[in-house]
Amino acid sequence: MILDIAAAALMLGGAFFFSVGTLGLIRFPDVRSRLHGLTKADNLGLGLILGGAALWLGDWSVAGLMLLCWLFALAGSSASAHVIAALETDHAEQREPVHHAGEPPTPADDAATAQVPDPEQES
Amino acid sequence: MVSVDTISWYLLVSTVMIIFGTVRLLLVRDLLARLIALDVTGIGVLLALVALAARSESSDPVLQALVITGLVIAVAFTGLGAVLIRRIEGLREDGGGGDRS
Amino acid sequence: MTFTQFSLGALALLPLLAAALTMLLPHPVRRALGVLVALLVAGFTAPVLGSVTSGELTELVLGGFDAPLGIHLRGDGLAAVFLGVTSLVGVVVTGYAAVLPKSTGAHLSATSWVTSHPGFWPLWLGCWSGLNAVYLSGDLFNLYVSLELVGLTAVALVAVGGQSAWEPALRYLFIAVLGSLMFLAGVGLLAAVTGTLDLHQTRSQLDELEDPTLPLLALTLITVGLAMKVALLPMHRWLVPAHSAAPSAVSPILSGVVIKAALVVLLRCWLWALPAVPGMQWLAWLLGGLGVAAVLVGSVLALRQDRLKPLVAYSTVAQIGYWFVAFPLLLHGEHDGAPLGSGAYNGLVALAAGHAIAKAGLFTAAGFLKDRCGTDKMSALRGAGAHHPVLILAMGMCAVGLLGLPISLGFTGKWQLATAAVGAEQWWVLLVVAAGTLLSAAYLLRGIAPLLLQAEVPENAPAAGPVRGRERLGEIAVLIFGVATIGTGLLGAWLGDLLEVGAWW
Amino acid sequence: MSTVLDLGLGVAVLIVTGLSLLARSRLVMSMSFLVLGVLVAIVWLRLSSLDVALAEAAIGTGLLSALLVWLAVRSPLPPGAGRMETSHRLRWLRPAVGLVAGTVLTVVTAAVWVRADHRLPAWGEPAQAQLPDTGVEHPITGVLLAFRAYDTLLESGILMLTAAAVLALSRRGGLSAGSTHQLSIHQASAALPPVPATLSWAARMLTPALVLLGLWLLFAGSTDSGGAFQSGAVLAAALILLHCAQVDLRVFQARWLRPLLVGGVVVFVLAGLVGPLLGLPWLSWEPEWAFAAVLVVEVLLTAGITAGLYALFLALENPEGVR
């Protein structure tokens, strides 16, 4: 009985952290603070929910699987957050947003760039 | 064993998705919106098939195999549609640059 | 396992294997392998035609697992006729594409657009295997997968035509895939009630079913989905840009055989899969009405075209109308045996087969002229006939087939359709057939006449260039289509016997 | 209790569908389509079909979204803003027609669904009875690779030919210079922003795990849920991760992508041809060596699907694509 209450408490906590993370995503002004809010709160929320689920199911192998899931989620989200932050700061100014093609590559230089990789690719 | 009213609920959801996707596909003009509407219709039809599979006690393997086949076909036509949209919009960005074949 | 059963499987899988192999080969070897495989597939069609002529229906149980679980391939009359027509059109178009690589589309080399496209060959062989799979398949979900294979490869074949063909290809993709998904929804509905996916077993299960609403809804979904893929009138707007922007070797494939795949599936579902459900009459009359509208609207729009390929594409829209005019007659003769239904059925199949061969010839000729003279504007093509007398002769023979003048399958079809209509006291069909024939005469002459006129403009048009040996071979391909249109006109009776085997009545 | 959860899940799916269809900007559409994929994967689990949930999560959500995001990012109109609908005179007409037609059709179809007296599929018992002949314990893999192997063959043909079509739309029609059949989707020659250290670290760390998971899914397919399609998607994800980390895959692409793409279908057809040589119908395998045949076909099918999905990603991501 105690385990069920503990599991329920963990899951509620996890849900709370998820909603806080989402709130952070909506409210924070710039990219870095949003990333900060998202990765920290959501990962903690995920960990709590997985812990609650493992407690609820009460099976060690499932708990191990949940832990593995959590580690992969942590690796994935932290790496991507880091990459987004790095790209955002280095290139916020000089690189116009990718979707705005700015001036389309004129066919002339398109040809030039086309020539460049070919010979090297053949060798 | 999934209860009968759950199955009819998901059949209703799949019907709404199919019709919503079809109507949206026929009415909207933006290319990516049409591609996503096509995909939503595909997911709706597959949802109906899986709901039918859930009727037999351990959900029916043949219908599940059909849905997996349907999923891979959905990726195929979405990939082809995406590349075609990319080429058309590349053309529009250039204002139809390059000699038109 | 007899050789005919082996050839059933080979017809569907050999072109797919060849499509896979051609992707590994450089361009010249692809053309050689393509022609070789085309002849092989035509060879495998012969035993199927032979066994159906001798009256027995060959059936192949794939993998040895029986009907509800496994898939059956059935070589019945309808399949044999369309296999034969597809093989004829396929072999000639493959030869044309191999001889004139310019006709297979345009691809971007390092810097500029080059005519001829290596990607044509795997896509065309894949499309051919999909077509054979559609004709032979006896399983509803397998029909969906084969239709999807035909649809996606047809879209890719249109897109291979270069920059101007991308937008029509995308529109074609949306409509073709939406049609397949609605067909799959209809199949899901049927499977929910009958518990099986096989055509014959679905029929027997539905016979015992008393409540007709679900089969009727399933049939409506299937009919709307397939009418999109066949481009029946309200849903025909994707056809003209796609077929006219496609490269000159692809247009005959699209108009000739790809549309017939959806028609065959429609016939399978209407006649084989479902019994005469009470509500079907209204749906058949709706299709008949749309058919009449398609014949009239398609012909009038064809008259207003100033370019050759859109004109031929609109004539496809008009000819599609004829097939759907026959639908109310198919079910009409249900109560007094099936003499009337079989007459309309024979007429419909003869019309479709005749249209396949004649339209393939006309589109090849139109593409040939476009490749040679750079444009298919009829005003610019004045007097082009002087350099290509054989081509104009062949275009004339194909026009005879499309018009339905005597010795052609089109005539056999219209004759059988008219007799079935008279038998069923449906006089309006005669009016539609007569009006359609006159209108098609008008727009076909409008397409061919300028080619024969003496060109006032001095001989500086590109067509003035000396005709190379290859172009002569290209003209021979169109001549084969013309001769085939007239030749198959004599086979009307044999066609009727073929269709008796494994018929639904 | 379960119906409340299902009700909530169904309503959530409908809301996200509405969001993904009616959104104005492309980024919102692709993101809500990704969320829709996740929710539908959970719905598959609620309907107790684990294989389909795996396939949906790997292929439907993972790879489809990777493709759609490229479209949203590289589109002419900026993803954030831009009203797609041109406002013409009867602006309210289109939505009104759509709404009315939609509700009428939904009511009619739902009425038919509810009143239909369902019948359980007739292939339940024969499937159980003949499963041992297929040499595979898991029923779904048995259906995919033995009972309805013809469907799977045509469908892997579809994926191969879609990849061929995508190659045909790229530069030089997919063939490299001269007659060598190397792939010619060359990469962005414009200097890509230098890759942050973490991405290459993540790629080095995650890729072995992804490949291991993919191979496990493949071989687990014969006894438990998993199989060629799910493992193909996971392996394609590993390739995409390596490609994003700008690991030099050009040698692999140029030499191996095309044979891998084609190998699956060729071996499947040849394996199908073995039947007729022994007097059996097409695509039939003796129970003794059925497991070996199914395994070989499944491994090469996975390679084919991985190559096909990777080619789709390459053609989309490639900014030097055919203008």
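On a predicted model such as this, the values are computed, not experimentally measured, just so you know. Side chains are part of it too, since the values below use all heavy atoms of this structure and drop only hydrogens, waters and symmetry mates. Proteins come first, then strands; the chains are lettered A, B, ... in the order of their sequence lines, and each starts at number 1.
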Check your understanding: Any side-chain heavy atom of B:Thr78 within less than 4.5 Å of one from D:Phe33?
Key -> no
Check your understanding: Given that the side chain runs from C-beta out, which part of B:Leu12 has a heavy atom under 4.5 Å from chain D: side chain, backbone, both or neither?
Key -> side chain
Practice item. Pick one of side chain, backbone, both or neither for D:Leu14, based on which atoms fall under 4.5 Å of a heavy atom in chain B. Key: side chain
Review point. Does some side-chain heavy atom of D:Leu36 sit less than 4.5 Å from a side-chain heavy atom of B:Met17?
Key: yes
Check your understanding: Taking D:Thr17 as the fixed residue, which of B:Ile43, B:Val16, B:Val40 is the one that meets the side-chain contact (heavy atoms from CB on, under 4.5 Å) rule?
Key -> B:Val40
Review point. Side-chain contact, heavy-atom cut-off 4.5 Å: D:Leu47 with B:Leu47?
Key: yes
Check your understanding: Going from CD1 on B:Ile73 to CG on D:Leu159, what distance comes out if it is rounded to the nearest 0.5 angstrom?
Key -> 10.0 Å
Review point. Chain B heavy atoms under 4.5 Å from D:Leu64: which part of the residue, side chain, backbone, both or neither?
Key: side chain
Check your understanding: Which answer fits D:Thr152, side chain, backbone, both or neither, if we ask what part of it has an atom under 4.5 Å from a heavy atom of chain B?
Key -> neither
Check your understanding: Hey, are the side chains of D:Leu50 and B:Gln64 touching, using non-hydrogen atoms and a 4.5 Å cut-off?
Key -> no
Study note, to complete from the structure: Closest non-hydrogen atoms of D:Val143 and B:Ala65, given as atom of the first, atom of the second and distance, are CG1-CB, 3.5 Å
Review point. Which answer fits D:Leu54, side chain, backbone, both or neither, if we ask what part of it has an atom under 4.5 Å from a heavy atom of chain B?
Key: neither
Review point. Contact part of D:Val52 toward chain B, heavy-atom cut-off under 4.5 Å: side chain, backbone, both or neither?
Key: both
Review point. With only heavy atoms counted, which part of B:Leu25 is less than 4.5 Å from chain D, the side chain, the backbone, both or neither?
Key: neither
Check your understanding: Can you find a pair of side-chain heavy atoms, one from D:Gln230 and one from B:Ile68, that are under 4.5 Å apart?
Key -> yes
Exercise for review: Check whether any side-chain heavy atom of D:Leu7 sits under 4.5 Å from a side-chain heavy atom of B:Trp9, and report yes or no.
Suggested key: yes
Point to revise | Side chain to side chain, B:Leu84 and D:Leu169, heavy atoms closer than 4.5 Å | key: yes
Review point. So what's closer than 4.5 Å to chain B heavy atoms on D:Glu56: side chain, backbone, both or neither?
Key: both
Check your understanding: Taking B:Arg86 for the side chain and D:Leu316 for the main chain, is one N or O donor matched with an acceptor at less than 3.5 Å?
Key -> no
Exercise for review: Check whether any side-chain heavy atom of D:Leu9 sits under 4.5 Å from a side-chain heavy atom of B:Tyr10, and report yes or no.
Suggested key: yes
**Study point:** Per-residue contact mode, B:Leu66 against chain D (heavy atom under 4.5 angstrom)
**Key:** side chain
